[in-house]
J.: 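One structure follows; several queries about it will come next.
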Amino acid sequence: MFQIHVPSLRPLTTAHLAQTMTLLCLPVGELRQQIEAELASNPALELVEERRCPSCHRLLPDQGHCPICSAPATDLMDEPIIYLSPRDEFYDGPRSSGGEGDLPEDNFSATWEELPTYVLRQIAPDLEGDERKVAAYLLTNLDEDGLLAIPLVEVVRYLHVPLSMVEKVQRLIQHADPVGVGSGSPREALLVQMDVLEEVGSTIPRLARPIVIEGMDLLSRRLYGDLARKFHAPLSQVHKAVQFISDNLYPFPARSHWGDVRQPSGAQLNVYHHPDILIGYYNEDPEKPLVVEIITPIAGTLRVNPMFRKAVQSADEEMKESWREDIEKASLFVKCLQQRNYTIQRLIQKVVMFQRGYILQGEKYLRPLTRAQLSRELGVHESTISRAVANKTVQLPNRRIVPLSAFFDRSMNVRSVLKEMIADEARPLSDAELADMLADRGFQVARRTVAKYRAMEGILPAHLRMGVMAKSL
DNA sequence: CTATGGCACGGATT
DNA sequence: AATCCGTGCCATAG
């Protein structure tokens with residue numbers, strides 16, 4: 001394996017420890033802000049350029065060749081290649097296309113540049129005069145989810161056009177391809193989508209609108225009983241509406257689906273912007289070993305500026321004192337960052353090797369793993385692992401972005417098998433029956449737990465799956 | 001009576 | 001010490 005050069009480390013002071021711990025928790029994005037702030041405020045800190053591989057533009061180790069372009073030994077298939085990759089190379093490819101085989105386009109920046117122009121092209125013919133200006137402005141203010149990031153009144157103030165015009169343009173945008181794009185909120189997006197569906201002749205369940213308008217919070221917490229009570233309707237009606245909503249509508253127009261709303265108890269929708277770690281194949285070739293990129297928050301290495309150090313010696317007494325402090329702080333900061341990198345590298349290496357099956361073949365092959373186990377293996381304290389895992393996300397070879405904590409999910413494999421069983425069931429199976437079947441396959445879980453897993457996966461209970469079956473028969 | 005969800009408890013995990 | 005997770009019990013819907 002490609003060895004990372006790690007200078008001597010060992011926490012030295014309690015201050016060091018404390019700062020290491022905080023930094024360890026931070027995802028790249030926030031770490032970058034920290035570093036920039038530090039860099040700006042501390043003259044002793046210096047950013048050094050690093051060598052890049054001429055052909056792939058990746059970071060090179062202190063000596064030697066590019067770990068990616070120089071062919072890796074073939075007998076090391078099990079060991080992932082690990083290297084650091086500066087943040088500006090962030091890959092922001094097509095979102096959760098889900099499909100396995102689809103190859104990534106090499107055009108990294110394409111996706112988010114294109115949504116606005118894509119929409120604009122559709123609505124351009126319907127615009128006249130100032131409306132173009134408005135459309136362009138609105139479209140440049142979409143967030144990653146395809147929702148409008150600014151209030152309409154701001155557009156009015158900024159462009160000096162009547163609100164009615166802005167609203168008209170927004171309506172046009174909302175009806176363009178990712179239906180609901182440019183809405184101010186998920187709720188609004190859902191309503192627009194229902195309108196459009198109705199226009200093309202779909203029937204909307206009676207309760208769908210009221211639920212979206214007034215019951216979003218209950219809906220997201222899956223409190224269907226409460227919904228039924230609130231609207232004085234039978235539970236079955238609520239289930240129908242819910243089924244319809246999750247089948248046909250999506251609250252974040254720029255994302256393909258919202259199927260990943262895990263955690264029934266209220267955990268908000270997962271929004272993973274940029275991963276902290278990328279896992280892919282060498283040369284995108286599934287035959288080749290895995291390559292793990294750990295995203296570094298900035299390009300280059302931080303160090304204490306040697307010039308500054310020299311300058312201090314010949315400074316007058318007064319300045320010396322405060323500059324000395326700067327140097328102390330700077331070197332501490334650098335050490336902490338190295339510590340952070342070192343921990344994450346060792347962690348991810350172990351995790352990738354242990355969860356190889358999951359990475360390559362999917363959820364079914366996730367092996368139960370606890371942070372405690374890993375901490376023993378790495379010889380660090382449990383809380384270190386906890387912190388290192390916290391708030392980080394990983395992009396898998398199939399381009400799905402998952403939280404790093406997913407690698408420590410105790411029941412994902414069972415849930416996955418359960419999903420599979422339900423997917424190709426001949427008739428709707430009750431939770432008890434499913435529990436038995438799981439036991440046959442070696443998963444001992446209580447009936448009650450099957451129900452919970454179902455809920456987590458957003459699968460309706462047996463008697464409500466009947467309808468779907470009947471239709472397809 | 002059966003299937004399922006809410007609530008709450010206890011042990012494991014963080 | 002705080003949180004998460006699997007489970008048992010019980011109420012409720014069908």
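All chains are named by letter (A, B, ...) in the order of the sequence lines, taking the proteins before the strands, and each is independently numbered beginning at 1. None of the values given here were measured: they were computed from a predicted structure. Keep in mind that the numbers below use all heavy atoms, side chains included, and drop hydrogens, waters and symmetry copies.
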J.: Verify the contact: side-chain N or O of A:Tyr453 to OP1 or OP2 of C:dG6, cut-off strictly under 4.0 Å; return yes or no.
T.: yes
J.: Once hydrogens and angles are ignored, does a donor-acceptor distance under 3.5 Å link the base of B:dG6 to the side chain of A:Arg448?
T.: yes
J.: When you measure from the centre of the six-membered ring of A:Tyr358, is the NZ or CZ of A:Arg367 under 6.0 Å away and within 45° of the axis?
T.: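 Not satisfied by the 6.0 Å and 45° rule.
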J.: Ignoring backbone atoms, test whether A:Ser411 places a side-chain nitrogen or oxygen under 4.0 Å from the OP1 or OP2 oxygen of C:dC5.
T.: no
J.: Give the rounded distance in Å between these two atoms: CZ of A:Arg454 and P of B:dG6.
T.: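 The answer, rounded to whole Å, is 11 Å.
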J.: Report the C-alpha distance between A:Phe443 and A:Asn413 in whole Å, list the side-chain angles of each, state the deciding distance to 0.1 Å, and finish with yes or no for side chain to side chain contact (heavy atoms under 4.5 Å, CB included).
T.: CA-CA 10 Å; A:Phe443 300 106; A:Asn413 51 355; 4.2 Å; yes
J.: How many Å lie between CZ on A:Arg447 and P on C:dC9, as a whole number?
T.: 11 Å
J.: Specify the separation, in whole Å, of atom CZ of A:Arg387 and atom P of C:dT3.
T.: 15 Å
J.: Return yes if some donor-acceptor pair links the side-chain N/O of A:Asn141 with the main-chain N/O of A:Ile150 below 3.5 Å, else return no.
T.: no
J.: Could you tell me whether A:Glu382 and A:Arg376 make a salt bridge, using a distance below 4.0 angstrom between a side-chain N and a carboxylate O?
T.: no
J.: Atom CG of A:Asp431 and atom C1' of C:dT7: how far apart are they, to the nearest Å?
T.: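 Rounded to the whole Å, the gap is 14 Å.
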J.: List the protein contact pattern of nucleotides 8-14 of chain B with one symbol per nucleotide (5' to 3'): B for base contact, S for sugar-phosphate-only contact, - for none; contact means a heavy-atom distance under 4.0 Å.
T.: B----SB
J.: Taking atom C1' of C:dC5 as reference, at what distance in whole Å does atom CD of A:Gln444 sit?
T.: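 Atom-to-atom, A:Gln444 to C:dC5, this comes out as 17 Å.
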